[in-house]
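To start, the structure under review is shown below, and the notes come after it.
First listed ligand is number 1; within each ligand, the first listed atom is number 1. Keep in mind that what you see is a predicted model, and the values were worked out from it rather than measured.
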Amino acid sequence: MSDPYFQALFAERIGGANYGKGTEIYKFEKIKRAKRKALAEHPERKLIDFGIGENDEPADESVRAVMAAEIHKPENRGYADNGIAAFKEAAARFMERQFGVKLDPAKEVNHSIGSKPALAMLPAAFINPGDVTLMTVPGYPVAGTHTKYYGGEVHRLPLLAENDFFPDLDGIPAEIRRRAKLLVINYPNSPTGRVATREFYQRVIDFAKENQIVVVQDAAHILLSYDDKPLSFLSVPGAKEVGVEVHSLSKGFHMIGWRMGFVCGHERIVQAFADIKDNSDSGQFIAIQKAAAAALDNESIPVRVREKYRRRLKKLVDVLTRSGFDCHMPGGTYFLYTRSPKGLAGGLKFDTAEAASQYLITEHSICTVPWDDAGAFLRFSVTYEAPDEAAEDALMAETEKRLKQIKPAF
Ligand SMILES: Cc1ncc(COP(=O)(O)O)c(C=O)c1O
């Protein structure tokens with residue numbers, strides 16, 4: 001295909017004149033291709049898919065019933081702008097009931113069309129060219145991508161097993177701290193499964209104050225916390241003075257496709273977010289906001305979601321442990337992040353988690369997501385499709401059978 005006349009017009013941030021010509025294949029695309037190949041070459045072998053990062057169930061029936069009623073009401077038809085009061089009030093009730101966090105729904109809460117766009121928009125409120133966003137890796141890269149779009153830089157904070165998957169804030173060079181404006185953290189952490197502690201959050205607050213940095217805590221997985229009650233950053237004294245927490249209905253309420261989330265915390269940051277958002281979209285469909293408000297008011301939904309993924313994670317930990325992996329129950333999320341095998345007992349070696357993951361999918365139809373950013377790890381998601389517990393057990397038995405034949409070596 002010859003270049004269109006506008007080929008030279010693409011912005012540098014997406015590759016400039018070379019946009020669309022790259023041959024690099026991104027991780028998730030590689031996984032998709034390997035999955036297709038495994039299915040085509042081995043139709044007889046069931047694909048065991050631990051690669052999916054999405055809930056496997058639809059939203060609760062009660063939530064769908066609210067949606068079904070609201071969708072017909074003429075008053076819900078228009079632009080929702082920065083959101084309806086009923087949703088903000090439900091979000092404030094939820095924050096108080098779940099985490100003991102008191103918020104002014106009119107000023108300290110604003111909806112977003114899922115948490116992804118909120119993470120994409122927040123850098124617009126702070127980042128000028130040359131400013132720095134501190135981001136943990138491995139992790140959800142969206143705020144970093146947008147930081148770079150605005151001419152900012154990303155300083156990566158590796159989440160290492162030896163640091164208990166917390167970032168080393170003390171190790172950040174003074175010159176970076178001076179230019180840093182945002183610290184983006186995510187607990188319960190995806191993919192490591194680490195949950196935050198009050199002490200860690202207190203350290204983050206002190207660090208933010210000392211260095212005059214704004215904290216964005218991504219709480220997308222917060223309701224999937226397995227040890228203690230879920231912990232909100234905003235429940236730690238001083239947090240509201242330094243930042244915001246971004247919440248999502250996707251994971252904890254099985255509402256991935258509905259696209260609802262909210263930003264809450266410091267009034268001025270919420271206001272800045274709302275201003276950027278107002279210039280970017282016109283709000284989520286009001287019927288969805290009302291259904292999401294009903295979900296937030298229903299305490300039993302996240303309990304059911306949590307117990308389901310806890311049960312599945314426990315089964316997976318048992319199977320992987322019996323197959324030679326050194327793993328344990330994560331504190332949160334629906335992911336198990338575990339050291340990748342260095343090879344096989346028979347002699348094959350893997351230099352990276354990506355190589356191990358490609359082997360598992362192409363040779364054994366077991367799909368995982370590799371992470372090589374801070375050590376070689378594989379992420380197993382328990383959001384696979386299995387209609388009941390018997391189906392879960394059958395899938396686990398098949399996983400164990402295949403892994404024991406493979407004989408991973410660590
Ligand atoms: C850590 C993290 N943050 C944010 C998101 C975005 O979620 P959503 O836009 O569905 O609220 C995800 C989704 O995978 C995630 O894993």
Side-chain angles (χ1 to χ4, degrees), residues 26-28 31 50-59 63 83 87 91 94 109-123 133 135-147 156-157 159 165 167 182-196 215-225 230-233 243-264 273 277 280-281 283-285 288-289 291-292 295-296 301-302 305 309 330-337 369 371 373-374 377 379-383:
Y26 291 103
K27 178 164 79 181
F28 287 96
I31 296 169
F50 296 116
I52 305 169
E54 292 187 30
N55 300 46
D56 55 304
E57 269 188 57
V63 176
F87 177 77
F94 164 82
V109 180
N110 204 94
H111 92 291
S112 56
I113 303 180
S115 64
K116 184 177 188 176
L119 294 164
M121 288 175 200
L122 280 162
T133 295
M135 300 262 314
T136 55
V137 287
Y140 197 65
V142 172
T145 305
H146 284 263
T147 293
R156 293 154 61 96
L157 303 173
L159 298 178
F165 301 119
L182 293 176
L183 167 63
V184 181
I185 53 174
N186 160 228
Y187 288 94
N189 183 260
S190 170
T192 69
R194 177 72 210 177
V195 287
V215 178
V216 174
Q217 146 57 12
D218 171 0
H221 295 260
I222 196 163
L223 294 168
L224 301 172
S225 296
L231 176 68
S232 165
F233 177 59
V244 287
E245 193 160 67
V246 182
H247 285 260
S248 170
L249 278 91
S250 293
K251 319 277 175 178
F253 293 91
H254 291 320
M255 290 176 74
I256 286 245
W258 294 59
R259 313 311 302 134
M260 270 307 283
F262 59 94
V263 174
C264 59
F273 165 69
K277 182 181 172 305
S280 308
D281 66 54
Q284 183 52 283
F285 180 29
I288 293 183
Q289 292 193 49
L296 289 173
I301 300 172
V305 177
Y309 292 127
T333 79
Y334 39 51
F335 302 131
L336 181 64
Y337 182 76
V369 174
W371 291 94
D373 305 69
F377 285 80
R379 187 193 85 181
F380 290 75
S381 176
V382 293
T383 52

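- Within ligand 1, the atoms closer than 4.0 Å to a non-hydrogen atom of A220 are 2 (C), 3 (N), 4 (C), numbered from 1 in the order shown.
- Polar contact with ligand 1: absent for N186 (N/O pair, distance under 3.5 Å).
- Any N or O atom pair closer than 3.5 Å counts here, and S250 shares at least one such pair with ligand 1.
- Contact of the D373 side chain with the L159 side chain is not registered, since no non-hydrogen atoms from C-beta on lie closer than 4.5 Å.
- Remark: distances from the non-hydrogen atoms of H221 to ligand 1 include one below 4.0 Å.
- Taking the six-membered ring for Trp, Y337 and F165 have ring centres closer than 6.0 Å.
- When each atom of ligand 1 is checked for a heavy atom of S248 under 4.0 Å away, the hits are 8 (P), 11 (O).
- Between Y334 and N55, the side chains place a donor N or O and an acceptor N or O closer than 3.5 Å (distance only, hydrogens not considered).
- Taking the six-membered ring where tryptophan is involved, the planes of Y309 and H254 are perpendicular, since the angle between them exceeds 60° and thus also 30°.
- Considering only heavy atoms from C-beta on, F87 stays 4.5 Å or farther from Q284 through its side chain.
- Looking only at heavy atoms of the protein, atom 7 (O) of ligand 1 is closest to S115 OG, 3.3 Å.
- The protein heavy atom nearest to atom 9 (O) of ligand 1 is R259 NH2, 2.7 Å.
- Closest protein heavy atom to atom 14 (O) of ligand 1: K251 NZ, 2.7 Å.
- For Y187 and H221, the distance between ring centers is not under 6.0 angstrom.
- Classification of the F262-F94 ring pair by plane angle, with boundaries at 30° and 60°, yields perpendicular.
- Here the heavy atom of the protein found nearest to atom 1 (C) of ligand 1 is D218 OD2, 3.3 Å.
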